[in-house]
Visitor: 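Starting off with a structure, shown below.
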Amino acid sequence: MSKTTFTTHHGMTDLLPGEIEQWQALESLIHETARRYHFQEIRTPVMEQTELIARGVGQLTDIVSKEMFTFDRGEDHYVLRPEGTAPVARAYVQNHLAQRGGTQRLYYIGPFFRAERPQKGRQRQFHQFGAELIGSSSAIADVEIIAFMTAVYRQIGIKNTTLKLNSVGDPASRDAYRNALHDYFRPLSDKLSEISRNRLDTNPMRILDSKEDQDQPLKADAPKITDYLSEKSREHFDTVKELLDRLDIPYEMDPFLVRGLDYYTETAFELVSPDLGSQDALGGGGRYDLLIEEVGGQPTPAVGFACGIERLMIACEALGITLAHPTGPDIYFVTRGEEAARWALEKMPELRNCGLVCTMDYSGRSLKAQMKDANRQQARFAVIIGEQELQENLFTLRDMVKSEEYQVTSDDIADRVQA
RNA sequence: GAGCCCAUAGCUCAGUCGGUUAGAGCGCCAGGUUGUGGCCCUGGAGGCCGUGGGUUCAAUUCCCAUUGGGCUCCCCA
């Protein structure tokens, strides 16, 4: 007698009652913060054309080169979206949102997929919320995005975060910098870690990301991109910093912050937390002035961020932040006999229409077992219904917290519970 | 793609230096209270000791593989 059991795929988990309440609370807090910042929600499909992601995110990135879930049906190439910005850019172009005028202020929240080896704070199906402000090149837009992102964490009560800030400049600045880095690391190549040595020719900026111990002293004296910014990029970045100061949003300059995806230009930022372990980024983002054009639109400047909800959960747990607990019903109907159960079934809709949360026993168990269940479910009141109660229209309403009982008529139940 | 650790009841974990019927706490079900929860007492259900193979008279225990999980590197949210 073999029983086949099924499990979730590697790196994908169920969210169960008991933990889902915290998710729901965080989600409503995100929605509420978005509302105040006047960002509007956008929902795009979880699947996109593979080519969109390849172009938008960048062929050479790890995401595209080895972490995508893809499959083909006939001529169509599907990919489970690994991130949110390219799909939003696609939606912006496809739906002609530019024609609505002004800047588009969009936010999203939902599942994403990457075929990585799971570890703490990294799942194969994970969840992000993020925002995109499309159609403005102003430093004010950068700061609005950062303000929105940090506001969410402040609302939640996560205060021990660090906002790391850098600018990766415009394409010309980046080219100049890349050459300078190459010139700097070339003579040191045999002292570099193997991984970094391989990046020397392909993408020297990634060497700055290295966590290898042997690379750290070499990194320290490396040229900084902020010394290679064009006049315009420098001004933009200076303005961003000045505005952040004015808003009292603290930040820390990190000249080695080079974000992984190809589409970033100018401002780059990352919000890190000491409570996350190895994967210490709560979220990150930056400006991506080239992406909209890359996916087929008119040249359009844009800036955005994305944050991991699982990592937010980890931070909340570490800090003991609980936004919501499971809640019990207002009334639990304890019944004796079929007749009483039917009476309860018919009574509940009326009470629910009054906004009361009602439930009952469905198994015809002993009174004691039902009371125990009511207690376990943290019911505020139990209403006990037997033959005598039905005949006399007098029911026992038990306050489960105060352990007091009252005799009430059918019509009085709602009033007494709501009192 | 690479490395390290782990795997016994629903959960958290003991245990067997290889040897009869594998344990605890919590949880679950029931009784003590034939119409009353939380505390207490009593009883019960629930494990082919992750899976497959090897060594052995004998494996949950030792060995190998595999699967799943955790952590780390890479990279990212």
Side-chain angles (χ1 to χ4, degrees), chain A residues 1-3 5 7-13 16 18 57 60-67 82-85 109-130 149 193-196 198-199 203 206 209-213 215 257-261 269-273 276-285 304-315 328 332 334-337 340 361 363 365-389 395-405:
Chain A
M1 191 173 67
S2 76
K3 203 164 56 174
T5 60
T7 59
T8 54
H9 278 298
H10 198 38
M12 302 188 180
T13 58
L16 304 176
V57 176
L60 296 176
T61 59
D62 283 7
I63 290 178
V64 171
S65 62
K66 57 187 189 194
E67 296 171 0
E83 58 94 53
T85 300
I109 176 166
F112 295 87
F113 305 84
R114 290 182 199 174
E116 298 179 276
R117 181 97 181 242
Q119 61 182 274
K120 188 178 185 185
R122 175 191 286 167
Q123 295 288 308
R124 289 185 155 192
Q125 174 173 338
F126 60 106
H127 299 79
Q128 288 188 332
F129 67 94
M149 179 175 85
S193 65
E194 192 185 335
I195 295 159
S196 293
N198 292 335
R199 288 174 180 155
N203 193 348
R206 289 282 181 81
D209 270 342
S210 169
K211 288 180 187 169
E212 300 289 323
D213 286 344
D215 293 338
L257 176 66
V258 290
R259 299 190 50 72
L261 311 186
F269 55 88
E270 194 166 282
L271 192 68
V272 301
S273 159
L276 296 185
S278 175
Q279 310 303 321
D280 68 347
L282 282 166
F305 74 81
C307 294
I309 299 183
E310 281 80 2
R311 293 182 185 182
L312 178 52
M313 296 294 300
I314 292 169
Y332 185 111
V334 172
T335 62
R336 299 276 300 172
D361 173 77
S363 60
R365 295 190 284 180
S366 71
L367 190 79
K368 176 176 174 157
Q370 293 186 46
M371 290 300 292
K372 198 171 174 182
D373 193 35
N375 182 62
R376 177 175 29 229
Q377 294 193 38
Q378 299 182 60
R380 285 175 52 221
F381 291 92
V383 174
I384 298 167
I385 308 167
E387 255 176 59
Q388 198 178 348
E389 282 84 350
F395 301 87
T396 303
L397 177 70
R398 180 176 178 88
D399 186 320
M400 298 295 284
V401 180
K402 294 181 186 165
S403 295
E404 289 172 6
E405 290 187 357

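Chain letters run A, B, ... following the sequence lines, proteins first and then strands; every chain starts at 1. Heavy atoms only: backbone and side chains are in, while hydrogens, waters and symmetry mates are out.
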Visitor: Partner of C49(B) by Watson-Crick or G-U wobble geometry, both contacts under 3.5 Å, or none?
Guide: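 Base-paired to nothing in any strand shown.
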
Visitor: Can you measure Lys66(A) atom NZ to C73(B) atom P for me and round it to whole angstrom units?
Guide: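 These atoms are roughly 14 Å apart.
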
Visitor: Side-chain donor or acceptor of Gln123(A) under 3.5 Å from a matching atom on the base of A77(B)?
Guide: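 Flag unset: no donor-acceptor pair detected.
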
Visitor: For G37(B), does the base pair up with any side-chain atom of Ser403(A) as donor and acceptor (N or O, under 3.5 Å, distance only)?
Guide: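 Looking at the base of G37(B), it does pair with a donor or acceptor on the side chain of Ser403(A) (distance under 3.5 Å).
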
Visitor: If I pick the C1' atom on U51(B) and the same atom on U67(B), what distance separates them, to the nearest angstrom?
Guide: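 That atom pair is separated by 7 Å.
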
Visitor: Check whether any side-chain N or O of Arg311(A) sits under 3.5 Å from a backbone N or O of Gly121(A) as a donor-acceptor pair, and report yes or no.
Guide: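 Here the side-chain-to-backbone pair exists.
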
Visitor: Nearest whole angstrom, please: distance from the C1' of G70(B) to the NZ of Lys120(A).
Guide: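 It works out to 11 Å between those atoms.
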
Visitor: What integer distance in Å separates Arg114(A):CZ from A77(B):P?
Guide: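 Rounded to whole Å, this separation is 5 Å.
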
Visitor: Quantified in whole Å, what is the P atom distance between nucleotide G3(B) and nucleotide A59(B)?
Guide: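 It works out to 32 Å between them.
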
Visitor: Between Arg365(A) and C29(B), is there a side-chain N or O to OP1/OP2 distance below 4.0 Å?
Guide: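 For Arg365(A), the contact criterion (side-chain N or O under 4.0 Å from OP1 or OP2 of C29(B)) is met.
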
Visitor: Reckon Gly11(A) touches a base, only the sugar-phosphate, or nothing at all at heavy-atom distances under 4.0 Å?
Guide: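 It contacts sugar-phosphate atoms only.
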
Visitor: Under 4.0 Å from OP1 or OP2 of C28(B): is there any side-chain N or O of Arg376(A) that close?
Guide: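 Checking C28(B) against Arg376(A), a side-chain N or O does come within under 4.0 Å of OP1 or OP2.
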
Visitor: Ignoring hydrogens and angles, tell me if any N or O in the side chain of Glu83(A) forms a donor-acceptor pair with the backbone of Thr85(A) under 3.5 Å.
Guide: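 Yes, the answer is positive, given that a donor and an acceptor are paired below the 3.5 Å cut-off.
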
Visitor: Is the phosphate of U34(B) approached by Arg336(A) (side-chain N or O, under 4.0 Å from OP1 or OP2)?
Guide: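 For U34(B), OP1/OP2 do not have a side-chain N/O of Arg336(A) under 4.0 Å.
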
Visitor: Would you measure the distance from the C1' atom in U56(B) across to the matching atom in G18(B) and give it in whole Å?
Guide: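 U56(B) and G18(B) have their C1' atoms separated by 9 Å.
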
Visitor: Heavy atoms only, 4.0 Å cut-off, all strands: where does Leu282(A) land among base, sugar-phosphate and nothing?
Guide: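 Counting heavy atoms under 4.0 Å across all strands, the contact made by Leu282(A) is with sugar-phosphate only.
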
Visitor: Let me know the distance between CD of Glu116(A) and P of C71(B), rounded to the nearest Å.
Guide: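 After rounding, the reported distance stands at 14 Å.
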
Visitor: What nucleic acid atoms does Gly130(A) come within less than 4.0 Å of, heavy atoms only: base, sugar-phosphate, or nothing?
Guide: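 Result for Gly130(A) = nothing.
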
Visitor: Quote, to the nearest angstrom, the P distance that separates U21(B) from G27(B).
Guide: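 Each nucleotide's P atom is 31 Å from the other's.
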
Visitor: Could one point to a donor on the side chain of Glu389(A) or the base of G35(B) with an acceptor on the other under 3.5 Å away?
Guide: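 Yes, the side chain and the base share a sub-3.5 Å donor-acceptor pair.
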
Visitor: With respect to the side chain of Ser366(A), which nucleotide from G31(B), G1(B), U36(B) is positioned closest?
Guide: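 Out of G31(B), G1(B), U36(B), the nucleotide with an atom closest to Ser366(A)'s side chain is G31(B).
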
Visitor: Rounded to whole Å, how long is the line connecting atom CD1 of Ile63(A) with atom C1' of C76(B)?
Guide: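 That distance rounds to 7 Å.
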
Visitor: Keeping the roles fixed (side chain from Arg124(A), backbone from Arg117(A)), state whether a donor-acceptor pair exists under 3.5 Å.
Guide: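 No; zero donor-acceptor contacts below 3.5 Å.
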
Visitor: Considering only the P atoms, how many Å lie between G10(B) and G50(B), rounded to the nearest integer?
Guide: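 To the nearest whole Å, 12 Å.
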
Visitor: Centroid distance below 5.5 Å plus an interplanar angle below 30 degrees: do Phe112(A) and A77(B) meet both conditions?
Guide: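 No, the aromatic ring of Phe112(A) does not stack with the base.
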
Visitor: Any idea which of U36(B), G69(B), C76(B) is nearest the His10(A) side chain?
Guide: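 For the His10(A) side chain, the nearest candidate turns out to be G69(B).
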
Visitor: Calculate the interatomic distance between Arg124(A) atom CZ and G69(B) atom C1'; express it in whole Å.
Guide: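 About 13 Å, once rounded to whole Å.
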
Visitor: Heavy atoms from C-beta onward define the side chain here; which of C71(B), C76(B), U36(B) lies closest to that of Met371(A)?
Guide: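 Of all the options, the side chain of Met371(A) is nearest to U36(B).
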
Visitor: U42(B) pairs with which nucleotide, Watson-Crick or G-U wobble, both distances below 3.5 Å?
Guide: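 Pair assignment: U42(B) / A30(B).
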
Visitor: Heavy atoms only, 4.0 Å cut-off, all strands: where does Lys372(A) land among base, sugar-phosphate and nothing?
Guide: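 If one applies the 4.0 Å heavy-atom cut-off, Lys372(A) turns out to touch the sugar-phosphate alone, with no base involved.
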
Visitor: What integer number of Å spans the P atoms of G32(B) and C17(B)?
Guide: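 Pairwise P distance, G32(B) against C17(B), rounds to 44 Å.
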
Visitor: For the residue pair Gln378(A) and Met400(A), establish whether any side-chain heavy-atom pair is separated by less than 4.5 Å.
Guide: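 The answer is no, as the side chains (C-beta and beyond) never meet within the 4.5 Å cut-off.
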
Visitor: Mapping Asn375(A) and Leu276(A) onto RNA chain B by nearest heavy atom, which one lands closer to the 5' end?
Guide: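 Counting from the 5' end, the first nearest nucleotide belongs to Asn375(A).
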
Visitor: Do Val334(A) and Thr396(A) come within less than 4.5 Å of each other through their side chains, counting heavy atoms only?
Guide: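 Val334(A) vs Thr396(A): side chains apart.
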
Visitor: Quick one: pull up CG in Leu271(A) and OG in Ser273(A) and give me the separation to the nearest 0.5 Å.
Guide: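 The OG atom of Ser273(A) is 8.0 Å from CG of Leu271(A), to the nearest 0.5 Å.
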
Visitor: Is there, by distance only and without an angle test, a donor paired with an acceptor across the side chain of Gln370(A) and the base of U36(B) below 3.5 Å?
Guide: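 Donor-acceptor pair under 3.5 Å: no.
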
Visitor: Please measure how far the P atom in C5(B) lies from the corresponding atom in C57(B), and state the result in whole Å.
Guide: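 To the nearest whole Å, 31 Å.
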
Visitor: Let's test your reading of the model: under 3.5 Å, does the base of A77(B) pair with the side chain of Arg122(A) as donor and acceptor?
Guide: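 When only heavy-atom distances are counted, Arg122(A) does not reach the base of A77(B) through any donor-acceptor pair under 3.5 Å.
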
Visitor: With nearest nucleotide decided by heavy atoms, which residue, Met12(A) or Ala281(A), maps closer to the 5′ end of RNA chain B?
Guide: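 Here Met12(A) is the residue nearer the 5' end.
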
Visitor: Once you apply a heavy-atom cut-off of 4.0 Å, does Glu405(A) come out as touching a base, just sugar-phosphate, or nothing?
Guide: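 Contact class for Glu405(A): base.
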
Visitor: Touch check for Glu310(A), heavy atoms < 4.0 angstrom, all strands: base, sugar-phosphate only, or nothing?
Guide: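 The residue Glu310(A) makes no contact with any strand.
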
Visitor: Should the pair Phe126(A) and Phe112(A) be assigned to parallel (<30°), tilted (30 to 60°) or perpendicular (>60°) ring geometry?
Guide: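 Rings of Phe126(A) and Phe112(A): tilted, as their planes differ by 30° to 60°.
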
Visitor: Rounded to whole Å, please give me the gap between NZ in Lys402(A) and C1' in G38(B).
Guide: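 Spelled out: NZ on Lys402(A) to C1' on G38(B) is 17 Å.
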
Visitor: Is a side-chain N or O of Glu310(A) found less than 3.5 angstrom from the main chain of His127(A), in a donor-acceptor match?
Guide: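 Between the backbone of His127(A) and the side chain of Glu310(A) there is a qualifying donor-acceptor contact (under 3.5 Å).
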
Visitor: Checking the side chain of Glu116(A) only, and the main-chain atoms of Glu67(A) only, is there a donor and an acceptor separated by less than 3.5 Å?
Guide: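 Here the side-chain-to-backbone pair does not exist.
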
Visitor: Rounding to an integer number of Å, can you tell me how far Asp361(A) CG sits from U36(B) P?
Guide: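 To the nearest whole Å, that distance equals 15 Å.
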
Visitor: Across all strands shown, which nucleotide pairs with G23(B) by Watson-Crick or G-U wobble geometry, both distances under 3.5 Å?
Guide: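 Result: C13(B).
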
Visitor: Going by purine N1 to pyrimidine N3 plus the second Watson-Crick contact, or the G-U wobble pair, all under 3.5 Å, which nucleotide sits opposite G1(B)?
Guide: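 Paired with G1(B), as far as the under-3.5 Å criterion goes, is C73(B).
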
Visitor: Whether Gln119(A) contacts U72(B) is assessed here as follows: a side-chain N or O lying under 4.0 Å from the phosphate OP1 or OP2. Is that the case?
Guide: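 For U72(B), OP1/OP2 do have a side-chain N/O of Gln119(A) under 4.0 Å.
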
Visitor: In whole Å, measure the gap between the C1' atoms of A14(B) and U8(B) for me.
Guide: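 These two C1' atoms come out 9 Å apart once rounded.
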
